Amino acid sequence: MPELPEVETVAAGLRAGAVGLKIKAAVCRLPKLLRETAPEDLQALSGLRISAVRRRGKVLIIEAEERALLFHLKMTGQFSWAAPEAAPDKHTHFILSFENAAEDLRFRDVRKFGFLRCLPLAGVDDCPEVGGLGPEPLEISEAEFAVRIKARKGRLKSVLLDQRVLAGVGNIYADEAIHAAALHPLTAASRLSPAELVRLRTALRRILKAAIAAGGSSVRDYRSVDGEIGDFQTRHKVYGRAGERCRRCGGTIRRIVVGSRSTFYCPKCQRRKR
DNA sequence: GCCACTGTTAGCAT
DNA sequence: CATGCTAACAGTGG
């Protein structure tokens, strides 16, 4: 489920535990995990020291001197620390061991949608996985937000999910932000008023920050690096609440499908523009 | 057992 | 170009 707040939480956990560690070996147990990455690229990581861990959109970036490891968690990717002698389960696809740490860093991904790309640090911003991303929702100005959203013809929900427009918003936070801004998910993005755009940006940022503070939302598989579940799912106003009462107006939350994604909204307080 | 559904996104058809 | 559907895969719940 990882969206921006979940990846941010994972990045923070990795940063706390992995920066400064010297890589002993990188072992990949699932060839298809590797994207544009040769086995030699992984071998060349040995001896490098992890210097930083950061996030761009939903992409996790581990920097080791002049190299970078890009991970995408897709639906079910997880990181955890484990003793080297503990047998990895069948969903563990990648293991980093260290010269100056007792535990290994493991990446597991039940559905195998995730990927790993190893490349020169200098190439990160121009690679396809990062270069095509829109601005960060927590950094974008009001003016640029308005321009980028209004430039799109599609439905608001789909536009928020488009990583080229904004980086990091996924299904849960799109629905939550649209609800908080009292907009309708099927509204044409290009028809939002200036006031509505301000409302939407403000709501999105508030929700993303609150979700990060809560350690993300654990709807199904998501776990932080230390194995903790997030807490934000208890504060979802619409996501996953079809048939339940809207906490703002008492209406009944409805589930529809937009762009083949489940979409939850309150038909009473999220009126469609016409 | 079978079918529907799942947080992502690349790729392809329309 | 925009939009919509499917596949990639495994597990879960009805």
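These numbers come from a predicted model, not from an experiment. Reminder, nothing fancy here: chain letters follow the sequence lines and each chain counts from 1.
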Using whole Å, report how far [atom1] of [X] lies from [atom2] of [N].
X	N	atom1	atom2	value
A/I149	C/dA2	CD1	P	14 Å
A/D109	C/dA10	CG	P	10 Å
A/R164	B/dA10	CZ	C1'	11 Å
A/H72	B/dA10	NE2	C1'	11 Å
A/K153	C/dC1	NZ	C1'	11 Å
A/Q78	B/dT8	CD	P	15 Å

Report summary line: When pairs are called at under 3.5 Å and a stem needs at least three consecutive Watson-Crick or G-U pairs, the stems of DNA chain C are B:2-6 with C:10-14, B:8-14 with C:2-8
Query raised in the report: Taking it one step at a time, do A/D104 and A/S97 satisfy side chain to side chain donor-acceptor pair (under 3.5 Å)?
Result: CA-CA 5 Å; A/D104 293 345; A/S97 58; 4.7 Å; no
Can you find a side chain N or O atom of [X] that sits less than 4.0 Å from OP1 or OP2 on [N]?
X	N	result
A/K58	B/dT8	yes
A/K90	C/dG11	yes
A/Q163	B/dT8	no
A/R255	B/dT6	yes

Requested in this report: Would you please name every residue forming a salt bridge (charged side-chain N to carboxylate O under 4.0 Å, His left out) with A/R254, sequence neighbours left out?
Outcome: none
Report task. Output every pair passing ring-ring contact (aromatic ring centres under 6.0 Å, His included) with a member in residues 184-210 of chain A, not counting sequence neighbours, ordered by first then second residue. Result -> A/H184-A/Y265
Query - Residue pairs involving residues 5-33 of chain A (criterion ring-ring contact (aromatic ring centres under 6.0 Å, His included); sequence neighbours excluded) - result: none
Run the side-chain donor-acceptor check on residues 38-46 of chain A: report pairs under 3.5 Å with partners two or more places apart or on a different chain.
unit_1, atom_1, unit_2, atom_2, d
A/D41, OD2, A/A38, N, 2.8
A/S46, OG, A/K24, O, 2.9
A/S46, OG, A/Q43, O, 3.4

Requested in this report: Please identify each residue that fulfils ring-ring contact (aromatic ring centres under 6.0 Å, His included) with A/F264, with sequence neighbours left out.
Outcome: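 For A/F264, the residues satisfying ring-ring contact (aromatic ring centres under 6.0 Å, His included) (neighbours in sequence not counted) are A/Y239.
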Query raised in the report: Listed by chain and number, what are the ring-ring contact (aromatic ring centres under 6.0 Å, His included) partners of A/F79, not counting sequence neighbours?
Result: A/F71, A/F107
Report summary line: Picking from B/dT9, C/dA2, C/dG11, the nucleotide nearest the side-chain atoms of A/H91 would be C/dG11
Report task. Taking atom P in both B/dG11 and C/dC9, compute the distance separating them and give it to the nearest angstrom. Result ->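 Roughly 15 Å separates the two P atoms.
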Report task. Group every Ile, Leu, Val, Met, Phe, Trp and Tyr by side-chain heavy-atom contacts under 4.5 Å, then state whether A/V225 and A/I23 land in the same group. Result -> yes
Would you be so kind as to tabulate the donor-acceptor pairs closer than 3.5 Å made by side chains of residues 199-206 of chain A, with sequence neighbours excluded?
unit_1, atom_1, unit_2, atom_2, d
A/R199, NE, A/A181, O, 3.0
A/R199, NH2, A/A181, O, 2.7
A/R201, NE, A/I140, O, 3.0
A/R201, NH2, A/I140, O, 3.0
A/T202, OG1, A/V198, O, 2.8
A/R205, NH1, A/P137, O, 3.3
A/R205, NH1, A/L138, O, 3.2

Report all interatomic pairs (protein N or O, nucleotide N or O of nucleotides 4-8 of chain C) with separations under 3.5 Å.
unit_1, atom_1, unit_2, atom_2, d
C/dG4, OP1, A/R155, NH2, 3.2
C/dG4, OP2, A/R155, NH2, 2.5

